[in-house]
Protein chains: 2
Amino acid sequence: MDQDMSQQKRPLTLRDVSEVSGVSEMTVSRVLRNRGDVSAATREKVLNATKTLGYVPNKIAGALASQRVNLVAVIIPSLSNMVFPEVMTGISDALDDTPLQPVVGVTNYLPEREEKVLYEMLSWRPSGVIIAGLEQSETSRAMLINSGIPVVQIMDIDGEPIDAMVGISHRRAGRKMAEAILKSGYQNIGFMGTQMPLDHRARKRFEGFTQALGKQGVEIMDQEFYTGGSALAKGREMTAAMMERSPELDFMYYSNDMIGAGGLLHLREQGISVPGQMGLAGFNKVELIDGLPQRLATMDSCRFEIGQMAAKIIASRNDPTLEPMSNVIELSPKIAYGDTLRRK
Amino acid sequence: MDQDMSQQKRPLTLRDVSEVSGVSEMTVSRVLRNRGDVSAATREKVLNATKTLGYVPNKIAGALASQRVNLVAVIIPSLSNMVFPEVMTGISDALDDTPLQPVVGVTNYLPEREEKVLYEMLSWRPSGVIIAGLEQSETSRAMLINSGIPVVQIMDIDGEPIDAMVGISHRRAGRKMAEAILKSGYQNIGFMGTQMPLDHRARKRFEGFTQALGKQGVEIMDQEFYTGGSALAKGREMTAAMMERSPELDFMYYSNDMIGAGGLLHLREQGISVPGQMGLAGFNKVELIDGLPQRLATMDSCRFEIGQMAAKIIASRNDPTLEPMSNVIELSPKIAYGDTLRRK
DNA sequence: ATGAAAGCGCTAACAT
DNA sequence: ATGTTAGCGCTTTCAT
């Protein structure tokens with residue numbers, strides 16, 4: 001029963017499989033990669049050997065030899081944001097029928113972290129890079145360009161891509177929401193969101209929003225920005241404070257659904273009728289808040305599709321048999337009116 | 001200004017840096033890794049060369065040569081579960097002052113996916129594996145044992161580890177909650193949770209819970225299990241259905257905070273007083289629901305610390321200068337009574 | 001303080 | 001259908 005347990009430490013190599021199965025390393029390699037013609041008999045032998053030995057190939061060596069690494073670097077600001085796990089799901093989904101595998105790096109919204117993570121990732125020579133946002137540091141841009149690796153910037157398309165980009169126009173999203181709100185008859189509008197410098201996409205939505213209001217002669221009546229803490233609680237607090245400050249408000253636009261949900265809960269507790277006395281809208285369309293007493297008006301940020309398309313671009317660049325794809329893909333988010341933005 | 005742009009494709013190698021800086025590849029390598037003695041002057045020259053060239057080292061080659069890969073494989077069932085991103089945060093936190101880097105693999109709760117992901121990960125010969133749960137398939141266990149790599153199983157300690165484990169006892173967690181509920185005077189208890197086979201830890205909590213109730217002669221009065229969908233909405237629906245079915249209930253125990261939050265919202269809308277008429281408790285202590293009208297009673301699952309400790313174990317195994325650590329670390333979750341479980 | 005040689009475990013390219 | 005030969009770009013070890 002017992003094998004020779006004398007030294008269990010050295011990892012197995014192709015050579016070991018070769019010896020056990022009695023064929024050359026090269027043939028073993030062929031079997032393992034389903035390459036070239038191998039007779040069913042040898043194939044069998046080799047597979048048996050790998051199984052009984054418990055051989056796991058060494059991709060490090062394989063990658064060095066073949067100059068090919070089937071990894072896609074995915075660089076995102078955070079995992080706790082709801083949004084990014086869904087992007088990941090889209091990426092995994094699209095990569096599932098390719099040999100490519102995603103590897104995640106998290107930057108915590110810090111440009112310096114981004115540079116470090118990117119450097120680490122690039123040092124593995126991945127087959128592609130998917131990175132959130134259009135605004136990277138000069139250093140990061142230089143690294144990406146220099147690498148010669150396919151790069152897809154995601155989430156945002158308001159700007160110039162390094163290579164390819166797929167996302168939505170946050171400016172347009174902000175504009176569309178502003179127009180819908182005005183059209184519904186609301187006039188006294190407050191805004192709540194994340195502290196801007198941290199979040200370019202929220203900033204762009206805000207810019208689009210105020211711009212579209214301005215075009216119709218409306219100005220934001222009140223605004224407030226937060227950082228950190230539980231978004232639900234923050235939404236609650238900010239909404240309370242803003243109601244206090246600006247009682248004439250008849251609409252609250254939130255830069256994300258979670259703070260919007262907090263606001264909604266607060267208003268309902270106060271007995272303020274939504275969307276009658278007060279309209280509300282958020283952004284992202286997160287499933288998480290689906291069980292609230294009312295469905296918050298929002299706008300889909302298309303994150304699953306974004307991940308999917310980005311991954312498909314990388315895949316197409318790495319497989320000449322695939323259709324080449326456009327380098328700029330704009331997705332069009334639609335307004336979900338829910339129950340907190342009355343329809344005109 | 002322009003360099004020779006004739007061929008921008010070939011990635012730079014140590015050799016390129018060596019030529020530009022006028023020192024041997026070996027010395028360049030030393031500088032880049034801060035190894036051995038290098039004069040300040042050469043150091044300077046080399047660093048300049050790497051900077052101007054934009055050289056990024058090739059870790060594939062480095063890893064093959066040094067037989068060392070500074071990656072830690074982290075294998076978790078899902079990213080959209082709230083819980084796991086926090087584990088990741090703990091891991092990153094602990095790894096930040098080491099040369100190690102986490103790489104995430106997601107299994108979607110599927111044993112076959114787990115095997116595949118594990119195989120892929122192991123083929124990169126990481127310095128450690130952190131994997132969620134104690135129950136892996138035979139194949140997965142064999143791979144882990146065979147690999148000779150340090151393995152830390154996390155989240156759960158009710159069982160035998162392959163190598164090391166850090167987590168909480170979910171059985172004990174279930175028991176403690178049952179005892180607290182009974183002590184508070186509730187007697188007619190309903191349970192809602194995820195479909196069991198998918199989630200061993202929820203199952204263990206349930207077992208501990210019913211066992212502790214049984215000890216005091218109490219049986220679960222009603223129970224319901226769900227899969228998929230928005231947890232908040234599910235909690236709402238299940239709670240409504242259960243109230244209908246079993247109007248005598250005076251306590252609802254939820255296997256996670258999100259469905260508990262849904263239940264809470266539903267009950268409040270129905271005008272049922274919590275925790276007077278009905279007590280509630282969840283599990284996990286997720287910050288996400290902090291802004292609800294009442295704080296749900298819950299139990300901290302210690303996920304940040306779990307990630308941290310697991311990462312520290314891996315780090316200590318890879319660095320002989322670090323203190324060796326215990327292979328079994330049990331964390332003790334505390335009950336947070338919140339506003340939905342009255343204190344006796 | 002610096003350099004030269006060997007080889008990590010695979011695969012590409014060429015035999016046979 | 002199978003085997004042989006050279007590396008891939010680094011780091012280890014040993015010289016100098």
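Within every chain, numbering begins at 1; the chains are lettered A, B, ... in the order of the sequence lines, protein sequences first and strands thereafter.
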Closer than 4.0 Å, any side-chain N/O of A:Ser39 to the OP1 or OP2 of D:dT2?
yes

Protein-proximity profile, nucleotides 4-16 of chain D, B/S/- by nucleotide at the 4.0 Å heavy-atom cutoff, equals B--BBBBBB----

According to side-chain hydrogen bond (donor to acceptor under 3.5 Å, both in side chains), does anything in residues 117-129 of chain B pair up with another residue at least two apart or in another chain? List the pairs.
A:Lys59-B:Glu120

Sort and list the pairs that fulfil side-chain hydrogen bond (donor to acceptor under 3.5 Å, both in side chains) and have at least one residue in residues 306-324 of chain A, not counting sequence neighbours.
A:Asp93-A:Gln308, A:Asp163-A:Arg317, A:Arg317-A:Asn327, A:Asp319-A:Thr321

Sequence neighbours left out, what passes side-chain hydrogen bond (donor to acceptor under 3.5 Å, both in side chains) with B:Ser80? Give chain and number order.
B:Ser78

Just distance, no hydrogens or angles: give the donor-acceptor pairs under 3.5 Å from side chains in residues 65-75 of chain A, sequence neighbours left out.
unit_1: A:Ser66; atom_1: OG; unit_2: A:Gly62; atom_2: O; d: 2.8
unit_1: A:Ser66; atom_1: OG; unit_2: A:Arg68; atom_2: N; d: 3.3

Which residues pass the side-chain hydrogen bond (donor to acceptor under 3.5 Å, both in side chains) test with A:Tyr55, not counting sequence neighbours?
none

